[in-house]
Amino acid sequence: MESLKPKIAIIGAGNVGSTFAFSLMISGLAREIVLIDKNEILANGECMDLNHGLSLAHPTKIYAAGFAGCKDADIVVITAGANQKPGQTRTDLTINNVSIFKDIIPNISKYAGNAILLVVTNPVDILTYVTLKLSGLSPDRVIGSGTVLDTARFKYTISEFCQVDPGNIHAYIIGEHGDTELPVWSNATIGGIAIEKYCSEYLKPVDIKNTLSELFDNVKNAAYKIIQAKGATNYSIALTLVKITRSILRNENSILPVSTLITDYYGINDVCLSIPSIVNSSGVTKYLRLELSDQEQILLKHSATTLREILDTLHI
Ligand code: NAD
């Protein structure tokens, strides 16, 4: 049967995959959504529940399937894999999820050779690189959700502190989605004014350097806190994925800090990490050459080196 367009395939119907499916259904962006999970009972149950709300949302065909369900997908969003368990090292998580991707990616390529692949599973930068290599796709068509979520958290945190609509804040988290990520304070603005200047002119006197550093720490530790409280993060990552999906399907040219293959950027090569990038119907068309401070350059290079060292152990 002919697929309905646009079609989105979601691999992994767990917390992230199913909440994304729900958000996507509400957004009305997709005409067809397929959920693929090795736990078929789970995928079928999620689809039943979603379908029961359809008359209250937008006409969408939603169903569970095997990997053949990826056929004709415009975007395949990969959320399958494990979360970091208490006591599990990042290395163990990486080995586990890389082995899942070695199984998944050839199956996706078999049925959806032309799709844009959007990787969400952690460690997302490593798995974006692994997906790029295993799929053989060009770098513009393999995207990691990267630090789009961290950047959304960053804008929210700054907005709370400064009492300004987050939409009026331009500030990015770049690098690895994880422990070595960094805030680009040197380029952060509120209503067009540099953030430090804004704080000193419009807020009551504070120790700006320390305050900004605390704001960033809150962002960096947010996922740990949420996971400790409720076991997983799902709502904000789902909206992050809707935002990226919208920019692709509607060719919006949004600037988003997605994870993408980096070449010759402050001396960084051959790793996937996040830099503000133009996202449209071709995928990631370019990443922006930010003017980073000396300290930010050092931190970004450290982030890249950390990722490169992990990739070197994987022999992909
Ligand atoms: P979850 O355990 O709830 O769901 C994962 C699903 O993947 C499960 O339903 C499981 O059955 C399925 N799965 C595992 N192996 C599979 C395979 N070979 N084929 C098909 N399905 C398979 O986990 P979650 O909370 O949804 O998180 C999923 C991933 O997303 C984790 O790695 C998590 O760390 C990551 N995550 C990333 C971000 C981000 O910003 N990049 C944010 C939140 C979560």
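One-based numbering, in listed order, for ligands and for the atoms of each. As the structure is a prediction and not an experimental result, all values here were calculated from the model.
- When L93, L127, T79, N107 are ranked by how near their heavy atoms come to atom 29 (C) of ligand 1, first place goes to T79.
- For atom 42 (C) of ligand 1, the closest non-hydrogen atom on the protein side is I237 CG1, 3.6 Å.
- In this structure, atom 6 (C) of ligand 1 lies nearest to the protein heavy atom D37 OD2, 3.6 Å.
- Below 3.5 Å of separation, one finds an N or O of V16 facing an N or O of ligand 1.
- The heavy atom nearest to atom 13 (N) of ligand 1, out of those in A13, G146, S99, A80, is found in A80.
- At a 4.0 Å heavy-atom cut-off, ligand 1 does not touch N234 at all.
- Of the inter-residue distances, the one linking T79 atom OG1 with N234 atom CG reads 11.5 Å to the nearest 0.5 angstrom.
- Contacts with ligand 1 closer than 4.0 Å are made by side-chain heavy atoms of I100 only, the backbone lying farther away.
- Side-chain atoms of D150 do not come within 3.5 Å of backbone N or O of K220 as any donor-acceptor pair.
- Comparing heavy-atom distances from atom 32 (O) of ligand 1 across A82, A152, S259 singles out A82 as nearest.
- With a heavy-atom cut-off of 4.0 Å, N122 touches ligand 1 through backbone and side chain alike.
- Distance alone, capped at 3.5 Å, is enough to place a donor-acceptor pair between the S18 side chain and the G14 backbone.
- In this structure, atom 4 (O) of ligand 1 lies nearest to the protein heavy atom G14 CA, 3.3 Å.
- Taking every non-hydrogen atom of D103 and a distance limit under 4.0 Å, the qualifying atoms of ligand 1 come out as 18 (N).
- Near T233, the atoms of ligand 1 lying under 4.0 angstrom from a non-hydrogen atom of the residue are 42 (C), 43 (C).
- For atom 37 (C) of ligand 1, the nearest non-hydrogen atom of the protein is V120 O, 3.0 Å.
- Note on residues 118-177: pairs passing ring-ring contact (aromatic ring centres under 6.0 Å, His included), not counting sequence neighbours, are F154-W185.
- Among the atoms of V124, none of the N or O lies under 3.5 angstrom from an N or O of ligand 1.
- Taking atom 5 (C) of ligand 1 as the reference point, the nearest protein heavy-atom neighbour is G81 O, 3.2 Å.
- Which parts of ligand 1 touch L42 is read off a 4.0 Å heavy-atom cut-off, strictly below it: atoms 9 (O).
- Side-chain contact check for S186 and E291: no donor-acceptor pair (N or O, by modelled atom type) lies under 3.5 Å.
- Here the protein heavy atom with the shortest distance to atom 39 (C) of ligand 1 is H177 NE2, 3.5 Å.
- For the pair S27 (side chain) and L29 (backbone), a donor-acceptor distance under 3.5 Å is present.
- Side-chain contact of S282 with D140: a donor-acceptor pair under 3.5 Å is absent, judged by distance alone.
- For atom 30 (O) of ligand 1, the candidate residues are N39, T19, T121; the nearest heavy-atom contact is made by T121.
- Within 6.0 Å of the CZ atom in F22, the count of heavy atoms belonging to other residues, nucleotides or ligands does not exceed 12.
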Would I262 and Y265 count as a side-chain contact (heavy atoms from CB on, under 4.5 Å) if you check the C-alpha gap in whole Å, the side-chain angles of each, and the deciding distance to 0.1 Å?
CA-CA 7 Å; I262 300 298; Y265 194 89; 3.4 Å; yes

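- Residue L149 approaches ligand 1 through these ligand atoms, each under 4.0 Å from one of its heavy atoms: 40 (O).
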Working for side-chain contact (heavy atoms from CB on, under 4.5 Å), residues L117 and R141
CA-CA 6 Å; L117 307 188; R141 299 189 76 75; over 6 Å; no

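- Distance from atom 20 (C) of ligand 1 to its nearest protein heavy atom, with residue and atom name: K38 N, 3.2 Å.
- Panel note: side chain N269, backbone T263; no donor-acceptor pair is recorded below 3.5 Å.
- Among all protein heavy atoms, the one lying closest to atom 25 (O) of ligand 1 is N83 ND2, 3.0 Å.
- The salt bridge (Lys or Arg N to Asp or Glu O under 4.0 Å) test applied to K102 returns no partner, not counting sequence neighbours.
- For the pair E32 (side chain) and K7 (backbone), a donor-acceptor distance under 3.5 Å is absent.
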